[in-house]
Every structure is written in C-alpha cells, then in structure tokens.
**Q** 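Take a look at the following structure, please.
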Amino acid sequence: MRSSAVIAGALVPVALAAIAPKNFIFIMPDGMAPASSTLHRAYESMLDGDSRVATDQIPVGTVMTHSFNRLITDSAAAGTAFASGYKTGNGAIGVLPDGQPVGTIWAAAKHAGFLTGLVVTSTVNHATPASYSSHVLNRNALGAIAEQQQGYSGILGQKVDVLLGGGRCHFRPRGTSGSCHDNDVDLFAYAQEQGYFVAQNRSRFDELELGRAESHNLPWLGLFNDGDLSYEIDRQQQPERERSLAEMAEAALNALHRASHCKDKGYFVMIEASRIDHASHAHDSVAHLWDVTEYYNVVELVTSWIDQHTDTAMMSVADHETDGLILIGYGPRPLQGGRHSIDYLSSLWSRYSGSDRRAFLTSEILPAYGLEDATGSEIDRLLAGNFAGNLASIISSSTGIQWSTGGHRAVNTTLYAYAAGDMGAHLKVDLAHHWDNTGLPRYIEEALGLDMDEITALLRANGTDWIP
C-alpha cells in the first residue's frame with residue numbers, strides 16, 4: 001500500500017461530477033460480498049424461477065476498501081472514508097490518525113442548508129452512521145456519538161433531521177431502566193425539547209404514516225430496539241413487527257421530500273443494511289440471506305422512487321466484505337425452512353430449563369432453522385456445546401455454503417449507481433471506474449455543490465480537546 005498517498009488525505013477522484021441532482025441517496029450493504037448476490041439469486045430462482053436481482057442493471061465500478069494502516073478495514077475507517085474522503089486508522093470515527101477532525105458530506109450538507117437522514121438497522125451510533133455524524137477517537141465512545149448526533153455536544157451543534165434505527169439504551173440517562181448510556185444526559189428528553197418527533201416503538205412510528213402524516217414534520221428520532229434492530233428473518237416472526245429497513249427508508253424519503261421539494265436545497269440520506277455484516281460474522285446463512293434480500297428491497301424502493309423524483313441520484317456500495325462467503329455445490333433449499341436467526345435460537349436454547357434438552361432441540365430449535373432432518377451425530381454435537389458455531393456449521397454443510405474467515409476481507413466491492421434520464425446516463429459514465437473509497441464522497445460533494453474542506457477548517461479552528 002502506498003501510505004504516502006493516503007497520509008495526504010483524500011485521493012484525487014477519477015472523475016468530477018457531471019450531474020447536479022437536488023438530492024442524493026447513499027445505500028450501504030455493510031459487509032456484503034459479491035457472493036451474497038449469487039446466494040440471493042439462486043434462492044429466488046429456486047422459489048419462482050426468476051434469477052434477477054434489483055442491482056442487475058446498475059453496476060458501474062469497483063471500490064478499494066483498505067484503511068490508512070491496514071489492508072483489511074473495519075467499519076469505522078471505511079465509514080470515515082465514505083463520509084469524509086479521508087483515510088484513517090481502524091476504529092477511528094471522523095478523525096485522521098493524528099486525531100485531527102475532518103468534515104463529512106453529512107455535515108457539509110447540513111451547513112449548506114440541506115436536510116439529512118441516517119437510516120440503519122444497527123444502533124444509530126454504530127460505526128457507519130457515526131462516521132457521518134460525529135468525531136471520536138474510538139468507535140466505542142457510543143455515548144459521545146449519540147450526543148453529537150443530537151447536537152447536544154460537538155463543536156458545530158448539527159443535528160440529524162431523520163435518525164432511524166436501534167440503540168434506545170444509549171439515549172436514556174444512566175441509572176434508568178433500559179439505559180446503557182455512560183452519563184446522566186436524557187437524549188430523548190433533549191430531542192423533544194429541540195422539537196423532535198420521538199418514537200420508541202412501532203405504534204408511535206405508525207403515527208407518521210410512512211412519512212405522509214402532515215401533523216408530524218421533521219425532525220424525527222425513531223429508535224425501535226435497545227440494541228440493534230432484529231435480523232429481518234426474526235422481524236418477520238414478531239407479533240408486532242419492528243419496521244423494516246425498506247419501510248423506514250420509505251418514511252424518511254417521503255418526509256425529506258415533503259420538507260424540501262419547494263425549497264432550493266434538497267437532502268442527503270445514508271441508508272445502511274447494517275445486519276448483513278452481523279449475520280456474516282455469525283456465519284448465519286439464514287439471517288444473511290434475509291438481510292441481503294431486504295437490502296435488495298431497499299434498492300428496488302429507491303430506484304422506483306427516483307423514477308418518480310427525477311431530481312435525485314443514488315449510489316450503493318459495501319464498505320468491505322465480511323467473513324469470506326463461499327458457495328460450493330450450493331443447494332439453497334434448507335434455507336427455505338428457516339424462521340429465526342442463530343442469535344435468536346441461541347437465546348432460546350440458553351433459557352431452556354426443562355429436563356429433555358434433546359427433545360426441545362429436535363422439536364423446537366432445529367425446525368426453526370430449517371434442519372428437521374439433522375442427523376444423530378449433528379444433534380450430539382449441538383448438545384455437547386458451542387451451540388451457535390455448530391448450528392452454523394450444520395446449515396453450511398447442508399447447503400454448501402462456507403465461510404473462509406472469521407473477520408473482514410480486503411477484496412474490492414461493487415459500486416452501483418442510479419439516476420433517471422440523462423442524469424442517469426451521465427452518472428454511469430462518471431462512475432465507470434475503479435475507485436478508492438475516498439473518491440466517492442468527493443463525487444457527491446461536487447454533484448451537490450458542497451464543501452467538506454470548509455467543515456474541516458471550522459472543526460479544526462476549535463482544536464481537538466473537544467474530541468472524546
């Protein structure tokens with residue numbers, strides 16, 4: 001790796017933007033590999049013979065993912081590159097390796113009068129959304145990240161206009177029920193004081209009517225789980241379902257459009273299918289498939305939205321690949337019977353206090369993971385220990401799905417992009433390259449007429465003592 005190039009900051013973009021959209025949507029399928037598309041395609045073809053996926057017509061390039069100091073990035077360094085156009089070290093959020101802050105596309109959009117949104121299935125203060133909206137030396141400073149996202153702390157006092165995902169516990173004051181915040185700040189109360197519509201459950205969110213309710217204008221704070229939102233396969237089984245990523249994205253787009261369509265400035269929104277990465281780390285083929293499918297639902301939603309709102313452009317790319325998904329002799333049929341993730345079933349298994357663990361395993365657990373025909377030796381392995389790892393191994397054996405690593409990989413990821421009409425044609429030409437991840441926010445910056453370097457200067461004028 002030529003470290004001198006990345007130390008200097010953002011690499012020079014391959015092409016300057018020839019488009020001038022009013023709005024920009026950036027979609028990130030965290031940790032998604034090209035093999036994930038093949039898995040989804042084969043599964044859908046098995047069900048109805050249709051092997052098409054929502055991104056088939058819109059691939060435009062490839063993207064390098066390395067961080068400042070490692071060939072294999074983490075989500076913090078990758079998120080900072082996508083948000084700011086600068087390389088940084090793994091674990092850092094919105095700062096360079098020397099601790100100096102850098103401006104982001106989100107902050108530049110806010111400063112220029114655009115509306116902004118962050119819509120994710122992780123906690124909203126997880127590495128990727130944090131990289132757009134905060135500056136901390138370590139991604140684990142979750143309380144500080146949440147406070148900066150609400151404008152409670154930080155130098156510029158900027159607030160996210162639409163913040164949707166998980167992470168309720170980080171917004172509740174320390175010592176209260178369900179809190180994991182590290183101080184006494186009540187960020188829900190603060191948000192309400194700042195005029196936010198606050199939703200902490202499905203029924204409250206439903207009042208928004210997917211962004212069409214004129215009685216609930218921006219800004220919004222919607223957090224629907226104490227931790228990450230549920231895996232999509234688990235969400236499907238809930239009596240009162242959390243809203244899906246596609247539903248949250250639709251609500252955000254409707255609200256952002258309503259609030260900006262008659263104004264000169266539009267919006268920037270980042271949407272992350274966060275839990276693809278989590279399912280990959282768990283080697284959970286069932287959960288992985290369903291969260292990849294939901295990503296495609298979002299892409300389909302957004303491309304259809306753009307066809308109706310032709311002043312909008314979209315990019316989509318994974319920040320890195322996770323755990324080396326390999327398909328060898330792939331037979332997806334066992335995945336069809338899966339109704340829950342390994343995480344959910346592991347929790348169910350650990351709470352079982354009955355006297356016949358084998359019967360509970362064979363009658364309740366294995367059918368819920370599509371493994372009604374598990375062999376006696378496979379059942380013995382599960383009973384012996386390492387329940388989650390063995391369950392993942394059994395489904396892998398039955399489907400021909402393998403995972404080559406226990407972490408991220410350094411492979412390139414695929415860049416997708418879409419806009420309507422002539423703008424779409426220009427977008428394809430502009431982006432038909434092999435990119436470093438730092439070049440993409442610079443392209444968006446040019447397209448929207450923003451200035452991230454101005455934000456960097458404003459941040460650095462205040463030193464670094466404010467950065468936790």
**Q** Going from OH on Y132 to CZ on F82, what distance comes out if it is rounded to the nearest 0.5 angstrom?
**A**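 Output value for this atom pair is 7.0 Å.
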**Q** Knowing that exactly one of H408, H281, H66 qualifies, which makes a ring pair (Phe, Tyr, Trp, His ring centres under 6.0 Å) with H320?
**A**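 Result for ring pair (Phe, Tyr, Trp, His ring centres under 6.0 Å) with H320: H408.
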**Q** Shortest non-hydrogen contact from P334 to I395?
**A**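 Heavy atoms only, the tightest pair is CB-CD1, 4.2 Å.
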**Q** Looking only at heavy atoms, what is the nearest atom pair of F24 and M315, with distance?
**A**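 That closest heavy-atom pairing would be CE2-N, 3.7 Å.
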**Q** Go through the steps to decide whether L253 and H309 satisfy the test side chain to side chain contact (heavy atoms under 4.5 Å, CB included), and finish with yes or no.
**A** CA-CA 10 Å; L253 292 176; H309 304 82; over 6 Å; no
**Q** Compare all side-chain heavy atoms of V102 with those of L96 and state whether any distance is below 4.5 angstrom.
**A**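 V102 reaches L96 side chain to side chain.
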**Q** Say you draw a straight line from NE2 of H126 to CG of L118; how long is it, rounded to the nearest 0.5 Å?
**A**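 One gets 14.0 Å once the value is rounded to the nearest 0.5 Å.
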**Q** Check whether N125 reaches the backbone of A146 with its side chain - one donor and one acceptor, N or O, closer than 3.5 Å.
**A**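 No; judged by distance alone, with no hydrogens or angles, the pair does not exist.
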**Q** Hey, does Q194 have a side-chain heavy atom less than 4.5 Å from the side chain of P219?
**A**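 SC-SC contact between P219 and Q194 ruled out.
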**Q** Start with the C-alpha distance between L448 and K265, add both sets of side-chain angles, then the distance that settles side chain to side chain contact (heavy atoms under 4.5 Å, CB included), and finish with yes or no.
**A** CA-CA 9 Å; L448 293 179; K265 299 296 176 67; over 6 Å; no
**Q** Does D284 form a side-chain hydrogen bond (donor to acceptor under 3.5 Å, both in side chains) with Y369? I'd like the steps, not just the answer.
**A** CA-CA 10 Å; D284 187 341; Y369 204 60; 2.5 Å; yes
**Q** With side chains defined as the heavy atoms from C-beta onward, is the minimum distance between T121 and D30 less than 4.5 Å?
**A**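 Sidechains of D30 and T121: no contact.
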**Q** Set out, in order, the CA-CA distance, both residues' side-chain angles and the distance that settles side-chain hydrogen bond (donor to acceptor under 3.5 Å, both in side chains) for N183 and H181, then state yes or no.
**A** CA-CA 6 Å; N183 61 43; H181 200 39; 3.0 Å; yes
**Q** Donor-acceptor pair, T88 side chain versus V95 backbone, under 3.5 Å?
**A**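 Flag set: sc T88 to bb V95 pair under 3.5 Å.
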**Q** Does the K22 side chain pair with the main chain of S260, one donor and one acceptor, at a distance under 3.5 Å?
**A**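 At least one qualifying donor-acceptor pair exists.
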**Q** Does OH in Y152 sit with more than 12 non-hydrogen atoms of other residues, nucleotides or ligands closer than 6.0 Å?
**A**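 Open: at most 12 neighbouring heavy atoms sit under 6.0 Å from OH of Y152.
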**Q** Do T62 and T413 have side-chain heavy atoms sitting under 4.5 Å apart?
**A**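 No, too far: nothing below the 4.5 Å cut-off.
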**Q** Answer whether the closest heavy-atom distance between the side chains of S244 and E294 falls below 4.5 Å.
**A**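 Of all side-chain heavy-atom pairs linking E294 with S244, at least one is under 4.5 Å.
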**Q** Do NZ/NE/NH1/NH2 and the carboxylate oxygens of E321 and R409 come within less than 4.0 Å?
**A**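 Here E321 pairs with R409 in a salt bridge, since their nearest N and O are under 4.0 Å apart.
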**Q** Does the side-chain hydrogen bond (donor to acceptor under 3.5 Å, both in side chains) test come out yes or no for S347 and R351, once each step is laid out?
**A** CA-CA 6 Å; S347 176; R351 295 196 307 269; 2.5 Å; yes
**Q** Under 3.5 Å, side chain of S230 to main-chain N/O of R235, donor-acceptor pair present?
**A**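 Checked: no pair found.
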**Q** With no hydrogens and no angle check, is any side-chain donor or acceptor of D436 less than 3.5 Å from a backbone partner on G439?
**A**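 No, D436 side chain to G439 backbone: no donor-acceptor pair under 3.5 Å.
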**Q** Find the distance between OG1 (T322) and CE (M32) and round it off to the nearest 0.5 Å.
**A**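 Reported to 0.5 Å precision, the distance equals 11.5 Å.
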**Q** So do L229 and M248 actually touch side chain to side chain, heavy atoms under 4.5 Å?
**A**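 Result yes, sub-4.5 Å side-chain heavy-atom pair found.
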**Q** Look only at the side chain of T80 and the backbone of S131, and say whether a donor-acceptor pair between them is shorter than 3.5 Å.
**A**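 No.
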**Q** Cation-pi check for W349 against R357: NZ or CZ below 6.0 Å from the six-membered ring centre and within 45 degrees of the axis, yes or no?
**A**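 R357 over W349 ring: yes.
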**Q** Measure the spacing between OH of Y418 and CD1 of I58 and express it to the nearest 0.5 Å.
**A**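 Reported value, rounded in 0.5 Å steps: 8.5 Å.
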**Q** Within the distance-only criterion (no hydrogens, no angle test), does the side chain of S179 pair as donor or acceptor with the backbone N or O of R172 below 3.5 angstrom?
**A**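 Flag set: sc S179 to bb R172 pair under 3.5 Å.
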**Q** Atom CZ of F197 and atom OG of S215: how far apart are they, to the nearest 0.5 Å?
**A**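 Nearest 0.5 Å value for the CZ-OG distance: 8.0 Å.
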**Q** List the steps, then state whether side-chain hydrogen bond (donor to acceptor under 3.5 Å, both in side chains) holds for Y295 with S316.
**A** CA-CA 10 Å; Y295 161 70; S316 180; 2.7 Å; yes
**Q** Do other residues, nucleotides or ligands put more than 12 heavy atoms under 6.0 Å from the CD atom of E300?
**A**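 No, the 6.0 Å shell around CD holds no more than 12 heavy atoms from other groups.
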**Q** Does R258 use its side chain to pair, donor to acceptor, with the backbone of G211 at less than 3.5 Å?
**A**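 Such a contact is found between R258 side chain and G211 backbone.
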**Q** Run the side chain to side chain contact (heavy atoms under 4.5 Å, CB included) test on D186 and Y190 for me, step by step, so that the C-alpha distance in whole Å, both residues' side-chain angles and the decisive distance to 0.1 Å come before the verdict.
**A** CA-CA 6 Å; D186 186 338; Y190 179 76; over 6 Å; no
**Q** Report yes if the side chains of L415 and L440 come closer than 4.5 Å at any heavy-atom pair, otherwise no.
**A**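 Sidechains of L440 and L415: in contact.
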**Q** Of all heavy-atom pairs between S153 and A144, which one has the smallest distance, and what is that distance?
**A**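 Here S153 and A144 meet closest at OG-O, 4.1 Å.
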**Q** Is R442 reaching over with its side chain to a backbone N or O of G85, donor-acceptor style, under 3.5 angstrom?
**A**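 Judged by distance alone, no pair lies under 3.5 Å.
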**Q** Could you report the tightest heavy-atom contact between P129 and T123, atom names first, then the distance?
**A**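 P129 and T123 have their closest heavy atoms at CG-O, 3.9 Å.
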**Q** Aromatic rings F224 and F205: how do their planes relate, parallel, tilted or perpendicular, breaks at 30° and 60°?
**A**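 Perpendicular, since the angle between the ring planes exceeds 60°.
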**Q** Verify side chain to side chain contact (heavy atoms under 4.5 Å, CB included) between H288 and I276, making sure each step is shown before the conclusion.
**A** CA-CA 6 Å; H288 181 86; I276 295 173; 3.7 Å; yes
**Q** Not counting sequence neighbours, which residues clear salt bridge (Lys or Arg N to Asp or Glu O under 4.0 Å) with D74? List them please.
**A**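 Partners of D74 by the salt bridge (Lys or Arg N to Asp or Glu O under 4.0 Å) criterion, ordered by chain and then number, come out as R139.
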**Q** Side-chain contact, heavy-atom cut-off 4.5 Å: E364 with Y352?
**A**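 No, their side chains stay 4.5 Å or more apart.
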**Q** Check V160 against T116 and note the closest heavy-atom contact, atom names and distance.
**A**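 Between these two residues, the closest heavy atoms are CA-OG1, 3.9 Å.
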**Q** Give me the atom names and distance for the closest heavy-atom approach of A246 to L301.
**A**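 Answer, listing the atom of A246 first, then L301: O-CD2, 3.4 Å.
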**Q** Would one find more than 12 heavy atoms of other residues, nucleotides or ligands at under 6.0 Å from atom CD of E214?
**A**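 It does not: E214 CD has 12 such atoms or fewer within range.
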**Q** Within a radius of less than 6.0 Å around CZ of R241, do more than 12 heavy atoms belonging to other residues, nucleotides or ligands occur?
**A**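 Atom CZ in R241 is packed in, count exceeds 12.
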**Q** Answer yes or no: does atom CH2 of W220 have more than 12 heavy-atom neighbours from other residues, nucleotides or ligands under 6.0 Å?
**A**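 Result for CH2/W220: enclosed.
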**Q** Would you check if the side chain of D319 reaches a backbone N or O of G79 as a donor-acceptor pair within less than 3.5 Å?
**A**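 Side chain of D319 to backbone of G79, a donor-acceptor pair under 3.5 Å: no, none is there.
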**Q** Supply the atom-to-atom distance Y344 OH to I233 CD1, rounded to the nearest 0.5 angstrom.
**A**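 Output value for this atom pair is 11.5 Å.
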**Q** Tell me which one of Q148, Q149, E147 satisfies side-chain contact (heavy atoms from CB on, under 4.5 Å) with I145.
**A**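 When side-chain contact (heavy atoms from CB on, under 4.5 Å) is applied between I145 and each of Q148, Q149, E147, only Q149 qualifies.
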